[in-house]
Amino acid sequence: MEGTAGIPDRELKVIDGPFCSGKWQFATIEIVAKASEEKFEPLSVVTTGAPATLQLVEAGTDVCSARVRAEAPAGIRVRACGA
């Protein structure tokens, strides 16, 4: 089974959030490093929808996409884009 592009098929851990506004959510996650690995750079995740049916909007080190800038509530936009 193929995963979602850009999201590793590894154990993930939420390290900040989730922060919610309306139907939008933002969280920072990290890949859980194995004993012999260095820590990975944290990834940001933006989703929308009800908790049981979340839809991925963006995931990665830069989630400030055109959709996030245009559609996300102010609080999510600030977390994702910094302004």
Side-chain angles (χ1 to χ4, degrees):
M1 179 177 174
E2 289 187 30
T4 302
I7 300 178
D9 186 19
R10 298 277 301 267
E11 182 181 356
L12 302 172
K13 176 181 173 185
V14 175
I15 58 172
D16 195 24
F19 301 97
C20 306
S21 182
K23 292 184 177 183
W24 288 73
Q25 303 81 31
F26 176 91
T28 304
I29 63 172
E30 69 180 6
I31 299 168
V32 176
K34 296 177 183 171
S36 62
E37 296 177 321
E38 292 185 29
K39 267 186 115 172
F40 292 89
E41 183 174 5
L43 303 173
S44 298
V45 179
V46 179
T47 57
T48 188
T53 58
L54 291 178
Q55 294 180 348
L56 182 65
V57 176
E58 297 292 340
T61 56
D62 180 7
V63 294
C64 188
S65 66
R67 180 176 179 197
V68 170
R69 287 190 307 273
E71 298 178 27
I76 300 297
R77 196 169 51 250
V78 166
R79 292 227 172 240
C81 301

### For Arg10 against Ala33, the heavy-atom pair lying closest together
NH2-CA, 4.3 Å
### Query
Do Ile31 and Leu12 come close enough that some side-chain heavy atom pair is under 4.5 Å?
yes
### Query
What distance do Arg77 atom CZ and Trp24 atom CH2 have between them, rounded to the nearest 0.5 Å?
10.0 Å
### Query
If two hydrophobic side chains count as joined below 4.5 Å and joins carry through other members, does Val57 share a cluster with Phe26?
yes
### Task
Is it possible for you to say whether Ile29 and Phe19 belong to one hydrophobic cluster, with membership spreading through side-chain heavy-atom contacts below 4.5 Å?
no
### Query
Just by modelled atom types, is the Gly49 backbone N or O under 3.5 Å from a matching donor or acceptor in the Gln25 side chain?
yes
#### Entry: Over 12 foreign heavy atoms within 6.0 Å of CD, Gln55
no
### Summary
When every non-hydrogen atom of Thr61 is compared with those of Pro42, the smallest separation belongs to CG2-O, 4.0 Å
### Summary
Nearest heavy-atom contact between Val63 and Ser44 is CG1-O, 3.4 Å
### Query
Rounded to the nearest 0.5 Å, how far does NZ of Lys23 lie from CD1 of Ile76?
14.5 Å
### Task
Establish whether Leu54 and Val14 are linked, either directly or via other cluster members, by ILVMFWY side-chain heavy-atom contacts under 4.5 Å.
no
### Query
Do you know the tightest heavy-atom contact between Leu56 and Val45?
CD1-CG1, 3.8 Å
### Query
Looking only at heavy atoms, which two atoms of Ala27 and Pro18 are closest? And how far apart?
CB-CA, 4.1 Å
### Query
How close do Thr48 and Arg67 get, heavy atom to heavy atom, and via which atoms?
CG2-NH2, 3.8 Å
